[in-house]
Structures are given as C-alpha cells and as structure tokens.
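A short worksheet on the structure shown next.
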Amino acid sequence: MIDLAALRLDPDAVRRSQQVRGESVELVDEVLAADVARRAAVGVFEALRTEQKSLGALVAKAQGDEKQAILAQTKTLSDQVKLAESQLRDLDAALENLVLGLSNIVALGVPVGGEDDFVVLREVGERRDFSAEGFTVRDHVELGEFIGAIDIERGAKVSGSRFYYLTGPGAMLELALVQLAMTTAQANGFQPMIPPALVKPAAMEGTGFLGQAAENVYRLEADDLYLVGTAEVPLAAYHMDEILDLASMPKRYVAFSPCFRREAGSHGKDTRGIFRVHWFDKVEMFSFCPVAEAEEEHLRLLGYEEAFLQALEIPYRVIDVATGDLGSSASRKFDCEAWIPSQERYREVTSTSNCTTFQSRRLRIRGREESGISPIATLNGTLCAVTRTIVALFENHQQADGSIKVPAALRPFLGGAEYFQVK
RNA sequence: GGAGACGUCGCAUAGUCCGGUCGAGUGCGCCUCACUGCUAAUGAGGUAAGGAGUCAAAUCCUUCGGAGGUUCAAAUCCUCUCGUCUCCGCCA
C-alpha cells in the first residue's frame, strides 16, 4: 500500500509510476476523490459523536424530568450517529480498496518497458564450450536420470504434472544446498528460520500476493488458509502489527521453506523437467530496515545471491528488471539468471526486490526512530531456489560420461564427494 | 476432540459481578528535570497507536484480542470468533 499522504502531496509521481508499469493512471484520481469524500464524512461523524458524548455525560448527572428531556434528545442523535458511522465505514472501505489497487512507486532509474526491456548489469563466470570439450550437452532431465537424482515420471504418477521426486543423490544434494545457503547466511548475520508454509489471509494479503498474483496461490478452502509461494510471506508477516526498535534494525532473516505455485497461465511453458514446478523448496533472505538504508541493503542481498552462485561455479548474469515486470510490491528488482547450456540462454534462478514501505504499510510494521514512528522498508532475496539451482548445477557441471562434478563449496555437505556418478 | 480459566496502554496487573465521573488506576521499565564528586538511591513530571484538524499547536474522533448485538450510553451486558494456558483423550 502506498502512502496516501504522499499521494495527496504529489499525485503526479504516482501517475508516472502507474504509467510506466502499464497500469491504471485514472486510479490515482479515483483515490483522490475517495479521499476527499472520506475526510468529509469523518468531519460529519466526529461532530455528531462529540455532541452525543457530551449529552451522554449530562444524562449521567441529570435527574428526573431534566433527565427525560435529555434522553429524548439523545435518541434521535443516536440514530444520526449510527448513520454517519456506517457511511464513514463504507467510504473508508471504498478508499482502502482503491489504494490497495495501486502498485508500489517505481524507483528512479528502473528501465522502462516490458518483460524484455531489462538492462543487463553484468555477466559473471565462464560459460563452457561443450563442443570444444568434445561432447553434446545433456539437459538436467537426462542427467538427473543418469545419476538417479530426479524421478519425474513417478512425480507425475503420484501428484500430477510439474511434480517430481528428488531421489538418492538428488535428495542429498538438496540438503547440501540448503545447508550451504543457511550456514553462509547465518555467518552473514541472518537469523535462520523455519517458518510456516500455511498462512492466514491477512499474511497473504499483507505481502501483496492476493492482487495480480492471486491466481497462482493455492488456497485451502476448508480452513481458509493459503500455501505460501515463498517464505517471503511468513517472514514479512512475522513482525505484522509490531513497532520495531530502531536499534534492532536491520533485522535480517533467512528461511528454508517449501514453495507452492499454481503456475496458472504458464501452460506449455517449461514443461520439461523441474525448472517450473508446483512445489519446490527454497532458502530466502528477508530484511526489515530503515527506509534510508533500503537501497544499500538491496545491493547487499544481491551481493549474497551472486556470491552463492559463484560458490557453485555457475555462470550467470544480473538484470535490472523493467518497470512492467516488477510485480506490485517491488520498487526495484534484480534477477540473477544462470546460464542453462541445454537451452543456450540465461534463466532466472534468484531474484531480489526492494519493496520500500509497500508491504510494511499493509502489514502495519513500523519502526521507532528519533523522528517518530514510521513505516520501514522490507526487502527479500532468493538465496537458493533448490530445483532451479539443481538444473543449473547439473547442466553446467556435467561431464562427457554423464557424471556431474560437485563444486568444492558443496563437498563438505556431501561427504567430500567430488562427482555424482552415473548409476 | 472433551472440560475449564484467561486475553486491558512496553512488561506485570486493577477495573468487568452492580453500564455513565474509565482512554482507563497501580508497580516495573523508559525519558526529562532536581538533588548528589560519578554511579546508585531519592523526589517531581512525562511516557499507546491510528485518524481528523493546524504553518505548528490547541482541540476532537476511534481503538480495552477480533466481529456483531443490546442501550441514549459498553473495557463492563449478550452472541459468535480467534488466540493463550491447565486437565483429559488421541497422535507424528
């Protein structure tokens, strides 16, 4: 939710932001009109209520006839107050509804445009030349079968399309990746967390996933709970309705959690393998920090993501995501895209967003500073999305015989193994 | 799943039976000032959030887990709901 007071002061800034996102500009004017209407209703209600309260105080003191006279007066007033209150409530809800429809204000410098208008910030790592090495690239599905790490057929048998089993070395690899991610993050000052993957509507709404992204969220009708698509949700909502001490910030958390995504609207996309699945596990970083430090924090999260990919010796590039592809909560977003040899292109493996105060306003998370109490910034970043990391790792480290080299950083978590051998 | 107790301003609690003077007392914590060579101790004052309003104030409104209801009036009465705790049952 954006800052209504700021919108009042500078509606053009919001109009511009909506425009470059390709979203409704008229909504800004609807919000302004609803705001004026609401404030008028507040005035009416408060005047009536003040009168009611002062008469009420007289009732308490008065006796006999005098009391009866006041009671008669106050009865009609009571009806008026009730009416004014319900009108105010309606206008409040209407305004709230409209404001929630506005996306976060895009940060300065974000490339303008759609999905393909990102800017490449850098390419890191060396892409292997497999033809020079004298063999044909295999994709992760084939490699996973060779070493007995992924069973997609049985995943489909048991759970349907876009499900899989990690088996043997695949299962152990997930744990190794998670261990590496969690331990490095902890060393970097993040508090490890294992959060609930099932959350109440308030948490889902607060993080902004029931807007544009709603169709991709699993909902449990019988219990009115949602399956999270990322640990960002329970981490952001962790401090819901709290006022954080300035001295305690930035608060940094790293969580391991399953992620569930309906993948509605992506039929036919990435149907092979485990690149796009309905469920995967992920290690996610999350920061609560003062607004003034948010940009710096964003680069820090990006740095950790890059360091992780470097540790796995996976070539990647970093892109500055364009305005039209940000998602409603982010003011800026950087994606790390790993090189996928079988596809001969870069694909998203991690992503970090600066949500400024957008989420914290919805979740009522504030910080107490010298200057007073104000919303704080929230930021999130993927440290390791397990399935996509496995895809990139298998493909980039494959050997001519179908075995896969284990990057040095992972070996301590895999009993020192240097290769996943063909079974 | 069954039985019971409880949810009040950072923490701990009073107030709820008998509705109005309770947005709410007390202790602790915290802040300011005074006293003291420093600290401690002591004394005085202050100390919830959101909204309307204002240049800023003053002032006003809302909120006593949440949602409804009764009433001229609700922390207080009624209903539902969520959460916590205790006991019993069941269970990874």
Side-chain angles (χ1 to χ4, degrees), chain A residues 1-10 31-100 194-206 219-226 234 237-249 251 257-258 288 291 357-376:
Chain A
M1 174 161 55
I2 70 159
D3 181 4
L4 189 56
L7 181 145
R8 244 181 247 146
L9 285 174
D10 187 5
V31 167
L32 286 172
D35 179 44
V36 169
R38 185 194 80 99
R39 279 190 289 166
V42 165
V44 171
F45 165 72
E46 289 189 356
L48 286 168
R49 181 70 178 141
T50 306
E51 197 181 343
Q52 184 186 39
K53 286 178 88 169
S54 60
L55 274 181
L58 291 180
V59 173
K61 281 182 230 155
Q63 298 290 328
D65 288 349
E66 192 190 357
K67 188 161 186 163
Q68 292 312 312
I70 300 172
L71 280 181
Q73 227 187 108
T74 205
K75 191 132 190 166
T76 57
L77 193 57
S78 171
D79 291 338
Q80 288 177 295
V81 167
K82 278 190 180 120
L83 180 66
E85 189 173 13
S86 83
Q87 282 172 346
L88 173 58
R89 216 184 311 194
D90 290 347
L91 290 168
D92 249 333
L95 175 63
E96 169 103 350
N97 241 332
L98 290 170
V99 175
L100 287 177
I194 309 255
L198 227 40
V199 301
K200 298 200 265 189
M204 215 63 186
E205 263 161 30
R219 169 151 190 259
L220 300 189
E221 185 78 39
D223 301 284
D224 200 16
L225 289 170
Y226 293 92
Y238 187 64
H239 288 298
M240 180 162 58
D241 290 313
E242 293 181 19
I243 298 175
L244 303 178
D245 200 356
L246 179 71
S248 73
M249 286 197 279
K251 278 188 182 296
S257 86
F288 297 90
V291 173
T357 59
F358 190 82
Q359 282 179 335
S360 66
R361 278 178 207 284
R362 291 176 160 229
L363 292 164
R364 295 167 303 278
I365 302 169
R366 292 96 90 206
R368 176 171 269 121
E369 305 188 40
E370 298 291 330
S371 55
I373 289 167
S374 55
I376 56 168

statement: Residues passing the salt bridge (Lys or Arg N to Asp or Glu O under 4.0 Å) test with A:Arg366, sequence neighbours excluded, are none
Please enumerate all protein N or O atoms sitting under 3.5 Å from an N or O of nucleotides 47-51 of chain B, with distances to 0.1 Å.
from: B:A49; atom 1: OP1; to: A:Arg368; atom 2: NH2; distance (Å): 3.4
from: B:A49; atom 1: O3'; to: A:Arg366; atom 2: NH2; distance (Å): 2.9
from: B:A49; atom 1: O2'; to: A:Arg366; atom 2: NH2; distance (Å): 2.8
from: B:G51; atom 1: O3'; to: A:Arg38; atom 2: NH2; distance (Å): 3.2
from: B:G51; atom 1: N2; to: A:Glu46; atom 2: OE1; distance (Å): 3.3
from: B:G51; atom 1: N2; to: A:Glu46; atom 2: OE2; distance (Å): 2.9

task: Check whether any side-chain N or O of A:Asp3 sits under 3.5 Å from a backbone N or O of A:Ala5 as a donor-acceptor pair, and report yes or no.
output: yes
- prompt: For B:C17, what is the paired nucleotide under Watson-Crick or G-U wobble rules, both distances under 3.5 Å?
  reply: none
- prompt: Now, which nucleotide makes the Watson-Crick or G-U wobble pair with B:U36, with each of the two distances under 3.5 Å?
  reply: none
- prompt: Atom CG of A:Leu48 to atom P of B:A52: distance rounded to whole Å?
  reply: 18 Å
Pairwise N/O distances under 3.5 Å, protein to nucleotides 73-82 of chain B:
from: B:A73; atom 1: OP1; to: A:Ser78; atom 2: OG; distance (Å): 3.1

- prompt: Got a sec, which residues hit side-chain contact (heavy atoms from CB on, under 4.5 Å) with A:Thr76, two or more places apart in sequence or on another chain?
  reply: none
message: Which nucleotide, if any, forms a Watson-Crick or G-U wobble pair with B:A41, using both distances under 3.5 Å?
response: none
field: Integer-rounded Å distance: B:G65 P and A:Glu242 CD
entry: 18 Å
message: Could you identify the nucleotide paired to B:C22, looking across every strand shown and requiring Watson-Crick or G-U wobble geometry with both distances under 3.5 Å?
response: none
message: Between B:G4 and B:G89, how far apart are the two C1' atoms, rounded to whole Å?
response: 15 Å
query: How would you list, by chain and number, every residue that makes a salt bridge (Lys or Arg N to Asp or Glu O under 4.0 Å) with A:Arg219, sequence neighbours excluded?
result: A:Glu221, A:Asp224
task: Could you measure between the two C1' atoms, the one in B:U42 and the one in B:U36, and give it in whole Å?
output: 10 Å
message: According to salt bridge (Lys or Arg N to Asp or Glu O under 4.0 Å), who are the partners of A:Asp241, at least two apart in sequence or on a separate chain?
response: A:Arg364
message: Please list all pairs meeting side-chain hydrogen bond (donor to acceptor under 3.5 Å, both in side chains) that have one or both residues in residues 80-90 of chain A, counting only residues at least two apart or in different chains.
response: none
task: Would you check if the side chain of A:Arg362 reaches a backbone N or O of A:Leu100 as a donor-acceptor pair within less than 3.5 Å?
output: yes
message: Rounding to an integer number of Å, can you tell me how far A:Arg89 CZ sits from B:A52 C1'?
response: 18 Å
statement: Here the distance between atom P of B:C30 and atom CG of A:Asp245, to the nearest Å, is 13 Å
query: Can any side-chain N or O of A:Ser360 pair as donor or acceptor with the backbone N or O of A:Ile376 at less than 3.5 Å?
result: yes
P gap between B:C18 and B:U13, integer Å: 25 Å
message: Between A:Phe45 and A:Thr74, which residue's closest nucleotide on RNA chain B lies nearer the 5′ terminus?
response: A:Phe45
task: Between B:A52 and B:U71, how far apart are the C1' atoms? Round to whole Å, please.
output: 27 Å
task: Specify the separation, in whole Å, of atom CD of A:Glu85 and atom P of B:C72.
output: 16 Å
task: Pick the C1' atom in B:U70 and in B:C9, then give their distance to the nearest Å.
output: 28 Å
field: Pairwise C1' distance, B:G23 and B:C78 [rounded to whole Å]
entry: 24 Å
Atom-to-atom span, NZ of A:Lys53 to C1' of B:G20 - whole angstrom: 12 Å
- line: Checking N1-N3 plus N6-O4 or O6-N4 for Watson-Crick, or N1-O2 and O6-N3 for wobble, each under 3.5 Å, the partner of B:U47 is B:G29
message: With rounding to the closest Å, how many angstrom separate the C1' atoms on B:C35 and B:A40?
response: 13 Å
statement: Closest non-hydrogen atoms of A:Met249 and A:Gly367, given as atom of the first, atom of the second and distance, are CE-CA, 4.0 Å
query: Quantified in whole Å, what is the P atom distance between nucleotide B:U86 and nucleotide B:C28?
result: 30 Å
- line: Rounded to whole Å, the CG-P distance (A:Asp241 to B:U63) equals 17 Å
- line: Mate of B:U59 across any strand shown (Watson-Crick or G-U wobble, both atom pairs under 3.5 Å) is B:A52
Tabulate below the donor-acceptor pairs under 3.5 Å that side-chain atoms of residues 35-58 of chain A make, not counting sequence neighbours, or state none.
from: A:Asp35; atom 1: OD1; to: A:Arg8; atom 2: NH2; distance (Å): 3.2
from: A:Asp35; atom 1: OD2; to: A:Arg8; atom 2: NE; distance (Å): 2.6
from: A:Asp35; atom 1: OD2; to: A:Arg39; atom 2: NH2; distance (Å): 3.3
from: A:Arg38; atom 1: NH1; to: A:Asp92; atom 2: OD1; distance (Å): 3.3
from: A:Arg49; atom 1: NH1; to: A:Gln52; atom 2: OE1; distance (Å): 2.6
from: A:Thr50; atom 1: OG1; to: A:Glu46; atom 2: O; distance (Å): 2.6
from: A:Ser54; atom 1: OG; to: A:Thr50; atom 2: O; distance (Å): 3.4
from: A:Ser54; atom 1: OG; to: A:Glu51; atom 2: O; distance (Å): 2.9

field: Any strand: nucleotide that pairs with B:C6 via Watson-Crick or wobble, under 3.5 Å
entry: B:G83
Counter-base of B:C64, judged by Watson-Crick or G-U geometry with both distances under 3.5 Å: none
query: Among all residues two or more places apart in sequence or in another chain, which pass the side-chain contact (heavy atoms from CB on, under 4.5 Å) test with A:Pro195?
result: A:Ala231, A:Pro234, A:Ala255, A:Ser257
